[in-house]
Number of protein chains: 2
Amino acid sequence: MPAKDTGTEELIRSTAKKLFFKEGKLHATTQDIADAAGMNRSAVHYYFRTRDQLIALIFAESMQALSLRLGKVMSAELPFREKIQGLIEVFTNEMMEYPFQEVFLVTEINTAGHDLVTKIDEGPVSSFLNEIEKEMHLGTIEKTDPKHFLINLFSLLSYPIMMSPIYRQFFGMNEHQFDELIAERRELITRTMFK
Amino acid sequence: MPAKDTGTEELIRSTAKKLFFKEGKLHATTQDIADAAGMNRSAVHYYFRTRDQLIALIFAESMQALSLRLGKVMSAELPFREKIQGLIEVFTNEMMEYPFQEVFLVTEINTAGHDLVTKIDEGPVSSFLNEIEKEMHLGTIEKTDPKHFLINLFSLLSYPIMMSPIYRQFFGMNEHQFDELIAERRELITRTMFK
DNA sequence: ATTTATTTAAACAATTTTGTTGAACAAAAA
DNA sequence: TTTTTGTTCAACAAAATTGTTTAAATAAAT
């Protein structure tokens, strides 16, 4: 018998991810995916049965992978400041590659019948919140609910990238100019978070 | 003849806006809109001819109205700090009422054939950028590209609200608890922006 | 009362999208 | 070689959605 060919399946997966999360083609059909992957639409259904299952799968995988990477940084043996820089690095890279991932997630949640928010391991998050609180007592960051600290961090990281089409026009910048602006932000955000 | 009845037309408009921007029903059909407005689908086509035209219209109107309100605050005769507080007020209110407006806009941009980003009056923005730069020289806010100041402000305002379904789960909070967290942010953001 | 504008309803064609099926095919196993 | 297994594709049926049309009902102004 022929060896189970994972190549095609993986190609469909990555192509769908590219269309949805990278190019923001929210309404991409199974035909669109097949075209982009250079194959017959039947293959998509053969491997994933339905469009919804394919979407659910790439969501579960992406969320799983991202929260795993973030969790690793959060619970690493590192000084607080370096952890934050690690989070900035991981999150910025993820957003640069897949700017529409979060947008897609939050919009799909409101589409009836979807249950895309994967159960994540809340352990790293809650112990990192404790660490943030400790840091607040040390005085290196402003005292407030530690959740605000995380929310602020992710806001400053994510929003500009996912809204770039709007803000490029808002500031009258081309793609290259805006990318340079984004590049400046890693350092800027570190400074902002540590007042 | 009966006075041109704007009631029904307005009802369709506001219902569509509610579905798209408030409830995040990105895939709402003309039938969904008619149902939600309690009328026949034909009425939707009678007043707006096509679904796309209806969408284009509510986008143009919303963007127009919002950028007008923001522009007014930006060019008001007010001390800098109060202007920022004004922007926070206007933007937070808008996001609380229509959390998915920006998300919808940025996703629709990537859907071929749409041209939803309305031409806005860039006057208020560019003179406000100058004002921010002046403020940086005064030392009340950190020196950097003034665009970063605006981006940071809008990031801290928008992102947590539009991503609330994700972060509620991330922090294990119910809707009420998260709303209280959001309420704390107006003051927090002011403090953050003025280091 | 007549005219005009609105609203509902039903029916329709056209298009798009989805998901299934069966045949053809290739490669491995028997 | 024959059989089995896994893959690809064209064709098909079903469903959903859109936009149009026609007719009837309604209501309001002239």
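So that the names make sense, note that chain A is the first sequence line, chain B the second, and so on, each numbered from 1.
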Value in whole Å for how far the C1' atom of D/dT17 lies from NE2 of A/His27: 14 Å

Polar pair under 3.5 Å, donor/acceptor by atom type, side chain B/Thr29, base D/dA16: no

Length of the line joining B/Phe48:CZ and C/dT6:P, which is rounded to integer Å: 12 Å

Side chains of B/Ser75 and B/Phe128 in contact at under 4.5 Å (non-hydrogen atoms): no

Phosphate contact (C/dT20 OP1 or OP2) by A/Arg49 side-chain N/O below 4.0 Å: yes

Donor-acceptor pair, side chain of A/Lys83 and main chain of A/Ala76, under 3.5 angstrom: yes

Nearest-angstrom distance from the residue atom NE2 of A/His45 to C1' of D/dC12: 13 Å

Atom-pair distance (CG on B/Leu11; P on C/dT8), nearest Å: 10 Å

Heavy atoms of other groups near A/Glu187 CD, more than 12 under 6.0 Å: no

Residue whose nearest DNA chain D nucleotide is more 5′ - B/Arg51 or B/Ser42: B/Arg51

Whole angstrom value for the distance that separates C1' of C/dT17 from CG of A/Asp35: 13 Å

Where do N or O atoms of nucleotides 22-26 of chain D meet protein N or O atoms at under 3.5 Å, pair by pair?
none

Residue-phosphate contact under 4.0 Å: B/Asn40 side-chain N/O, C/dA9 OP1/OP2: yes

Partner residues of B/Phe20 under the side chain to side chain contact (heavy atoms under 4.5 Å, CB included) criterion, sequence neighbours left out: B/Ala16, B/Ala28, B/Ile33, B/Arg51, B/Ile55, B/Ile58, B/Phe104

Pairing residues for B/Lys18 by the salt bridge (Lys or Arg N to Asp or Glu O under 4.0 Å) criterion, not counting sequence neighbours: none

For atom CD1 of B/Ile12 and atom C1' of C/dT6, their distance in whole Å: 11 Å

Residue met sooner reading DNA chain D from 5', once A/Arg41 and A/Tyr46 are mapped to nucleotides: A/Tyr46

Distance, rounded to the nearest Å, where B/Asp32 contributes CG and D/dT17 contributes C1': 10 Å

Side chain to side chain, A/His137 and A/Lys143, heavy atoms closer than 4.5 Å: yes

Heavy-atom side-chain contact between B/Glu61 and B/Arg13 under 4.5 Å: yes

